[in-house]
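Whatever order the structure lists ligands and atoms in, that order sets their numbers, starting from 1.
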Amino acid sequence: MSEPAVLSAAKGGVLRLTLNRPDKLNAFTRAMLAELRSRLEAAAVDPRCPVVVLTGAGRAFSAGQDLSDVDEPGQIPDAAELLERAYNPIIKLIGSMPKPVLAAVNGIAAGAGANVALACDLIYAARSATFLQAFARIGLIPDAGGTWQLPRLIGAARARGLCLLAEPLSAEKAEAWGLIWKAVDDDKLASEVEAATEKLAGAATYALGLSKRALAASSANTLATQLDLERELQKRASASPDGQEGINAFLAKRTPRFTGENA
Ligand code: LHQ
């Protein structure tokens with residue numbers, strides 16, 4: 001039997017999804033995208049899993065769409081279909097699920113592979129990893145949210161440089177530019193990500209989901225609308241068991257015991 005295209009392992013509240021076509025640098029086939037989408041859909045509503053990690057097997061995170069995954073030789077992938085059915089739902093799902101999704105970028109992240117990583121909430125990258133908006137090299141435009149994320153994260157000039165020149169960006173520079181959270185030594189990637197996921201899984205996870213929602217809404221909101229949203233979400237957070245526990249524990253000078261419950 002062939003290996004699954006996406007490996008899934010749950011431990012201590014952390015679901016780890018590993019893109020698993022290492023010989024092809026984890027390039028996304030349609031089957032792999034369908035598997036990833038269904039794993040993410042399940043994770044989004046699974047209360048046993050407050051944290052998700054996405055990473056790649058072997059020397060790459062993902063080289064983007066598998067350009068050879070077509071029905072007949074000589075065809076090229078149907079871009080509109082793939083975006084509509086696979087990439088766009090995956091990007092929206094990562095952004096909307098009420099829990100942190102971490103990318104552990106273990107090696108090159110190219111094309112839609114880079115932009116799936118950029119859709120995640122916290123991006124850790126191995127120092128040897130690179131981010132490549134490869135699209136211009138093959139006559140395409142950045143997709144999977146790249147043209148939305150990049151100018152917001154690093155500004156218009158740098159976004160244009162990456163997209164038009166299609167040159168690789170080192171993990172260190174990605175960190176310095178604010179594209180990712182952290183570049184770490186290759187041999188520390190696993191332990192850094194594990195420490196972060198442990199911390200998140202033990203945190204007030206309901207509030208983390210609300211924070212994520214508020215931050216995501218901000219780019220389309222005026223300050224006044226955002227203040228209203230913060231008031232509404234803070235009302236929910238402070239009425240939640242973890243909100244009450246957090247404040248009570250602070251006042252009693254003890255460590256809070258969070259449960260992640262939302263009502
Ligand atoms: C691949 C791929 C790949 C197939 C490496 N496909 N086999 C959405 C909707 C619809 C249409 C199109 O696109 C999209 C979104 C996109 O993502 S388009 C952008 C797709 N990605 C790229 O253009 C990047 C293509 N890959 C590369 O440029 C290189 O592989 C990089 C720079 C990532 C790594 O280079 P190397 O380290 O030199 O590795 P390699 O090129 O030797 O790759 C290793 C193997 O992986 C090789 O297979 P082989 O059987 O010869 O060993 C490659 O053919 C295969 N591979 N990327 N996207």
_Verify atom 20 (C) of ligand 1: protein non-hydrogen atom under 4.0 angstrom away_ = yes

*Measure from atom 28 (O) of ligand 1 to the protein's non-hydrogen atoms and state whether any distance is below 4.0 Å.*
no

*For atom 25 (C) of ligand 1, what's the nearest protein heavy atom and its distance?*
Ala63 O, 4.2 Å

*Are Arg21 and Asp66 close enough for a salt bridge, meaning some N to O gap below 4.0 Å?*
yes

_Starting from atom 6 (N) of ligand 1, what is the nearest protein heavy atom, named by residue and atom, and what distance separates them?_
Leu67 N, 3.0 Å

*asked:* If you take the nearest heavy atom of each of Leu25, Ile141, Leu140, which one is closest to atom 12 (C) of ligand 1?
replied: Leu140

_Less than 4.0 angstrom from a charged side-chain N to a carboxylate O is my criterion; do Lys188 and Glu192 meet it?_
no

_atom 38 (O) of ligand 1 within contact range, any protein heavy atom under 4.0 Å_ = no

_atom 53 (C) of ligand 1: any protein heavy atom closer than 4.0 Å_ = no

_Protein heavy atom at shortest distance from atom 33 (C) of ligand 1_ = Ile108 CD1, 3.8 Å

*Has ligand 1 got any nitrogen or oxygen that is less than 3.5 angstrom from a nitrogen or oxygen of Arg59?*
yes

*Contact check, side chains of Val53 and Leu17, non-hydrogen atoms, under 4.5 Å*: no

_Salt-bridge criterion met for Arg30 and Glu35 (N-O under 4.0 Å)_ = no

*Please say whether more than 12 non-hydrogen atoms of neighbouring residues, nucleotides or ligands are located less than 6.0 Å from CH2 in Trp177.*
yes

*Looking only at N/O atoms, are Lys24 and ligand 1 under 3.5 Å apart anywhere?*
yes

_Contact with ligand 1 for Asp23, non-hydrogen, under 4.0 angstrom_ = yes

*Please state which part of Asp66 comes within less than 4.0 Å of ligand 1, counting heavy atoms only: side chain, backbone, both or neither.*
both

_Geometric N/O contact Ala112 with ligand 1, under 3.5 angstrom_ = yes

_Leu19: which of Leu7, Leu25, Leu36 passes side-chain contact (heavy atoms from CB on, under 4.5 Å)_ = Leu36

*Scan the protein's non-hydrogen atoms and note whether one is under 4.0 Å from atom 47 (C) of ligand 1.*
no

_For residues 98-123, which residue pairs pass the salt bridge (Lys or Arg N to Asp or Glu O under 4.0 Å) check, not counting sequence neighbours?_
Asp121-Lys212

*Looking at residues at least two apart in the chain, or sitting in another chain, which of them share a ring-ring contact (aromatic ring centres under 6.0 Å, His included) with Phe61?*
none

*For ligand 1, note which part of Ala79 has a heavy atom under 4.0 Å away: side chain, backbone, both or neither.*
both

*Is Glu175 paired with Lys182 through a side-chain N to carboxylate O contact shorter than 4.0 Å?*
no

